[in-house]
Amino acid sequence: MAKPNKKGPTKTVDIHCAKCRQVLFKYRKGGKGALLKCFKERIVKDYTLDQISCPGCKQIFARDCLIRGVPALKMIGTKAICR
């Protein structure tokens with residue numbers, strides 16, 4: 001399978017915790033679909049301590065995984081939202 005584009009998209013979005021609205025990431029997201037995964041190389045600014053739990057309410061919102069051989073975060077349901 002093909003790896004994601006190295007350059008990536010230029011549009012950035014803020015990813016928030018759905019429970020407490022804490023800002024988690026500033027992320028270069030491509031497309032207009034739902035947020036299913038976050039490639040770690042596309043994270044511009046990280047506001048979390050361990051990249052999988054919210055610093056405000058300590059809710060786990062993602063799992064570490066490899067997608068197409070690239071480190072990524074697989075989002076859990078609707079625990080994180082884009083704005």
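Fair warning: this is a prediction, and the values are worked out from it, not measured in the lab. Note that the numbering runs from 1 along the sequence shown for the chain.
- Side-chain contact check for Arg68 versus Phe39: some heavy-atom pair is nearer than 4.5 Å.
- Residues meeting the salt bridge (Lys or Arg N to Asp or Glu O under 4.0 Å) test with Lys26, sequence neighbours left out: Asp14.
- The closest side-chain heavy-atom distance from Arg83 to Val13 is not below 4.5 Å.
- Ile81 places a side-chain heavy atom less than 4.5 Å from the side chain of Arg21.
- The shortest distance between side-chain heavy atoms of Ile43 and Leu73 falls below 4.5 Å.
- Pairs engaging residues 50-83 under the ring-ring contact (aromatic ring centres under 6.0 Å, His included) rule: Phe25-Phe61 [sequence neighbours left out].
- Atom NZ of residue Lys37 and atom NZ of residue Lys29 lie 9.0 Å apart, to the nearest 0.5 angstrom.
- Gln22 contributes atom CD, which lies 12.0 Å from atom CD of Gln59 (distance to the nearest 0.5 angstrom).
- Between Asp46 and Gln51 there is a side-chain heavy-atom pair separated by less than 4.5 Å.
- Note that the CG atom of Leu35 and the CE atom of Met75 stand 4.5 Å from one another [nearest 0.5 Å].
- Inter-residue side-chain proximity for Cys65 and Lys74 is flagged as met; some heavy-atom pair is nearer than 4.5 Å.
- Under the 4.5 Å side-chain heavy-atom criterion for Ile, Leu, Val, Met, Phe, Trp and Tyr, Ile52 and Val70 are members of the same hydrophobic cluster.
- The two residues Ile67 and Ala72 come nearest to each other via the heavy atoms CD1-CB, 3.8 Å.
- With sequence neighbours excluded, the residues that form a salt bridge (Lys or Arg N to Asp or Glu O under 4.0 Å) with Lys40 are Asp64.
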| query | side chain to side chain contact (heavy atoms under 4.5 Å, CB included) between Cys54 and Leu24: does it pass, once the steps are laid out? | reply | CA-CA 7 Å; Cys54 174; Leu24 303 171; 4.1 Å; yes

